[in-house]
Amino acid sequence: MKGHFPTDKFQEIETPFYYYDTQLLRDTLQAIKQEVSRHAGYMVHYAIKANANPKVLNIIAQAGFGADCVSGGEIRAALAVGIPPSKIVYAGVGKADWEIQLGLSKNIFCFNVESLAELKVINELAGQMGKTARVAFRINPDVGAHTHAKITTGLAENKFGITMSDMENVIEVAASMEHVKFVGLHFHIGSQILNMDDFAALCNRVNDLQQQLERKRIHVEHINVGGGLGVDYQHPNRVPIPDFKSYFSTYARLLRLRPGQTLHFELGRAVVAQCGSLITRTLYVKQGTAKQFAIVDAGFTDLIRPALYQAYHKIENISSEGPIATYDVVGPICESTDVFGKAVDLNTTSRGDLIALRSAGAYGEIMASQYNCRRLPIGYITEDL
């Protein structure tokens, strides 16, 4: 089964481009809100790094979600679509001074701090501005996630976060500072996680750390467990909306929140991946010795995930209903890694056929580059067509 696309309207648009199904996006947002409403004190911040297309962001903002930002530019993008500063959290291992100053000037909800060195800089800058920065400490829980090695973030050897052994010391240092206020703990173990046991392991670790802090009479107002929930790249038509029920119920069942505590989530991929597709046009069909190639006008400049992570995206010929044939689907970039898929079964493909690379709403358009002096792809939503 192939996805449903307005192919007649696509013919009029210069390829490659991104297409976002806004009905699916709204259905996904509603599914999240429905599950969150079952649990008191849950707050979702959309991870802007997944997709910052302003039209997509605007729909997410209208649904009432907060923002998880990892740069000053993302803070500005969140504010531009009306996400209130009180719902913005700011993470990242390398926050520049101007980015910290921006967050302080806008009175964002919280800085997710990843090192003692960063904490000292935030305190200094906040003092210069006559501000008090709310901070949560990103603790590296040393919890492995069953995902790609390049997108796991919770192991001891990762660059992210503060080690568990340093947690109490950093909290004590913060208490001695005049211009920061410790408000929470932050965690994030990785991305594209489909095994709920990984989130269960995080719950157990957070429970242990909370008990450790309570023995020192340290109270934590907010717990932020990051995001990480994955999507079904193999079957975007069959499973267009991730299993939010299992995700949120895992935390509700296993994480022991204290009275008055709020629980924060930072979902990105799970919100936008399935609603987006990269649409590209077939330039040539080239017959090799033992295989044939469908050469398309999109390259890894437009969707880098297959080259960077060996990521899989379902590929469909949305112009043809001909017999199935097998192709290597490749782009025009002068690099041998510019391959979207090998031995891909497609309806018989000819020059001019439109090809859809599915589940590309997350880490697609936002990661595009202008290598080979190529133009950046334009992102269209349903209402544009």
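FYI, the numbering just counts along the sequence from 1.
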Hey, mind stepping through His222 and Thr262 against side chain to side chain donor-acceptor pair (under 3.5 Å) and telling me if it holds?
CA-CA 5 Å; His222 305 277; Thr262 57; 2.4 Å; yes
Any non-hydrogen side-chain atom of [X] less than 4.5 Å from a side-chain atom of [Y]?
X: Ile32; Y: Val271; answer: yes
X: His188; Y: Asn224; answer: no
X: Ile333; Y: Arg374; answer: yes
X: Thr382; Y: Gln23; answer: no
X: Lys181; Y: Glu221; answer: yes
X: Gln292; Y: Val285; answer: yes
X: Arg281; Y: Pro16; answer: no
X: Leu303; Y: Phe300; answer: no

Look at the rings of [X] and [Y] and say which category their plane angle falls in: under 30° parallel, 30 to 60° tilted, over 60° perpendicular.
X: Phe265; Y: Tyr42; result: tilted
X: Tyr247; Y: Tyr251; result: perpendicular
X: Phe137; Y: Phe182; result: parallel

Give the other cluster members for Leu283, using side-chain heavy-atom distances under 4.5 Å between Ile, Leu, Val, Met, Phe, Trp and Tyr residues; answer none if it is isolated.
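The other cluster members (ILVMFWY side chains, heavy atoms under 4.5 Å, direct or chained) are Tyr284, Phe293, Ile295, Val330, Val339.
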What's in the same ILVMFWY side-chain cluster as Ile324, cut-off under 4.5 Å, chained through other members?
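Result for Ile324 is none, singleton.
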State whether a side-chain donor-acceptor pair under 3.5 Å links [X] with [Y].
X: Arg215; Y: Gln210; answer: no
X: Gln128; Y: Gln101; answer: no
X: Thr326; Y: Asp345; answer: yes
X: Asp353; Y: Asn317; answer: yes
X: Asn237; Y: Arg358; answer: yes

Verdict with supporting geometry, Met367 and Leu308, side chain to side chain contact (heavy atoms under 4.5 Å, CB included):
CA-CA 11 Å; Met367 295 181 77; Leu308 187 61; 3.9 Å; yes
Charged N-O contact under 4.0 Å between [X] and [Y]:
X: Glu35; Y: Lys245; answer: no
X: Lys342; Y: Asp328; answer: no
X: Lys49; Y: Asp68; answer: yes

Let me know which of Pro377, Pro332, Ser369 forms a side chain to side chain contact (heavy atoms under 4.5 Å, CB included) with Thr301.
Ser369
Check the hydrophobic clustering (I, L, V, M, F, W, Y; side-chain heavy atoms under 4.5 Å; chains of links allowed) and say if [X] and [Y] are grouped together.
X: Ile279; Y: Ile304; value: no
X: Val239; Y: Tyr312; value: no
X: Leu257; Y: Val183; value: no
X: Leu213; Y: Leu209; value: yes
X: Ile83; Y: Leu102; value: yes

[X] to [Y] - nearest heavy-atom pair and separation:
X: Ala270; Y: Leu229; answer: CB-O, 3.6 Å
X: Val231; Y: Gln192; answer: O-NE2, 2.9 Å
X: Pro141; Y: Leu202; answer: CG-CD1, 4.1 Å

Among Tyr46, Phe187, Phe65, Phe109, ring-ring contact (aromatic ring centres under 6.0 Å, His included) partner for His264:
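One option only clears the test, and that one is Phe109.
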As a test of understanding, state which of Tyr18, Phe17, Tyr380 forms a ring-ring contact (aromatic ring centres under 6.0 Å, His included) with Phe10.
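Only match with Phe10 under ring-ring contact (aromatic ring centres under 6.0 Å, His included): Phe17.
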Exceeds 12 heavy-atom contacts within 6.0 angstrom, atom NZ of Lys131
yes
Has Lys2 got more than 12 heavy atoms of other residues, nucleotides or ligands less than 6.0 Å from its NZ?
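Check passes, neighbour count above 12.
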Of all residues at least two apart in sequence or in a different chain, which pass the salt bridge (Lys or Arg N to Asp or Glu O under 4.0 Å) check with Arg26?
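Arg26 satisfies salt bridge (Lys or Arg N to Asp or Glu O under 4.0 Å) with Glu383 only.
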Tested for side-chain hydrogen bond (donor to acceptor under 3.5 Å, both in side chains) against Ser359, the lone hit among Arg305, Lys314, His313, Gln274 is Gln274
Which of Asp297, Asp302, Thr280, Thr282 passes side-chain hydrogen bond (donor to acceptor under 3.5 Å, both in side chains) with Thr15? Answer is Asp297
Using the ring of Tyr90 (Phe, Tyr or Trp, six-membered ring only), decide whether Lys95 places NZ or CZ under 6.0 Å from its centre and within 45 degrees of its axis.
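Positive - Lys95 is close enough to the ring of Tyr90 and near enough to its axis.
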Just by distance, do the side chain of [X] and the backbone of [Y] share a donor-acceptor pair under 3.5 Å?
X: Ser115; Y: Glu118; value: yes
X: Thr349; Y: Asn347; value: yes
X: Ser246; Y: Asp243; value: no
X: Asn51; Y: Gly361; value: yes

Go through Asn207 and Gln211 one step at a time and tell me if the side chain to side chain donor-acceptor pair (under 3.5 Å) criterion holds.
CA-CA 6 Å; Asn207 290 339; Gln211 287 184 324; over 6 Å; no
Any chance you could measure Cys69, atom SG, to Ile75, atom CD1, to the nearest 0.5 Å?
5.5 Å
Pairwise distance NE2(His186) to CG(Asn140) - rounded to 0.5 angstrom
11.5 Å
